[in-house]
Amino acid sequence: MLDAGSLVPIVFLLTVAFTLVGLAKVISDVRIRRRLIEAGAAPELARVIAGTPKEDPGLYSTLKWGIGLGAVGLGLILIQFLPYRKDEPIVLGVILVFAAAGLLAYYASARRLVHPTAKGGA
């Protein structure tokens, strides 16, 4: 099984890989936008072509992961203060309850972002 000694290098390498991919994407988007502007395209057109659309599902996916992992982290912090051992079922239950709460919070926030409530009618 994986212990802390072998898990840390794996997580570190994955973090470095995702960081490099993210930086490459940002640099690529900036270069595309710059070439479009140099070619005479309007800055608004360059922003639309190379920018992230507002309805991008990747934004909502990131929101889901952020809220979900944050909720699981809070659950793990709470477990440290409970008088139970790590191998008891209540520990897994607390983590699952916090994960479910995080996903429900994501659902509520994503729904509000997609369909903002119109106060005052129409």
Q. Does the side chain of Q80 reach to within under 4.5 Å of the side chain of L76, using non-hydrogen atoms?
A. no
Q) Shortest non-hydrogen contact from A71 to G102? A) CB-CA, 3.7 Å
**Q.** Least distance between heavy atoms, R85 atom then V91 atom
**A.** O-CG2, 3.2 Å
Q: Flag the pair Y106 / L63 as yes when at least one side-chain heavy-atom distance between them is below 4.5 Å, and no otherwise.
A: yes
(Q) Test of understanding: clusters of I, L, V, M, F, W, Y form through side-chain heavy atoms closer than 4.5 Å, transitively. Do L92 and L69 belong to the same one? (A) no
Q: Give a yes or no on whether L82 and V97 share a hydrophobic cluster (residues Ile, Leu, Val, Met, Phe, Trp, Tyr; joining criterion: side-chain heavy atoms under 4.5 Å apart).
A: no
**Q.** I79 with I90, same ILVMFWY side-chain cluster at under 4.5 Å
**A.** yes
Q. How long is the span from the CG atom in L103 to the CH2 atom in W65, to the nearest 0.5 Å?
A. 9.0 Å
Q: Spell out, as yes or no, whether a donor-acceptor pair under 3.5 Å connects the side chain of S109 to the backbone of A105.
A: yes
Q. Quick one: which of L13, L20, T19 gives a side chain to side chain contact (heavy atoms under 4.5 Å, CB included) with V16?
A. L20
(Q) Is there a path of hydrophobic side-chain contacts, each under 4.5 Å between heavy atoms, that joins L78 and L74? (A) yes
**Q.** hydrophobic_cluster_shared for V94 and Y84, side chain cutoff 4.5 Å
**A.** yes
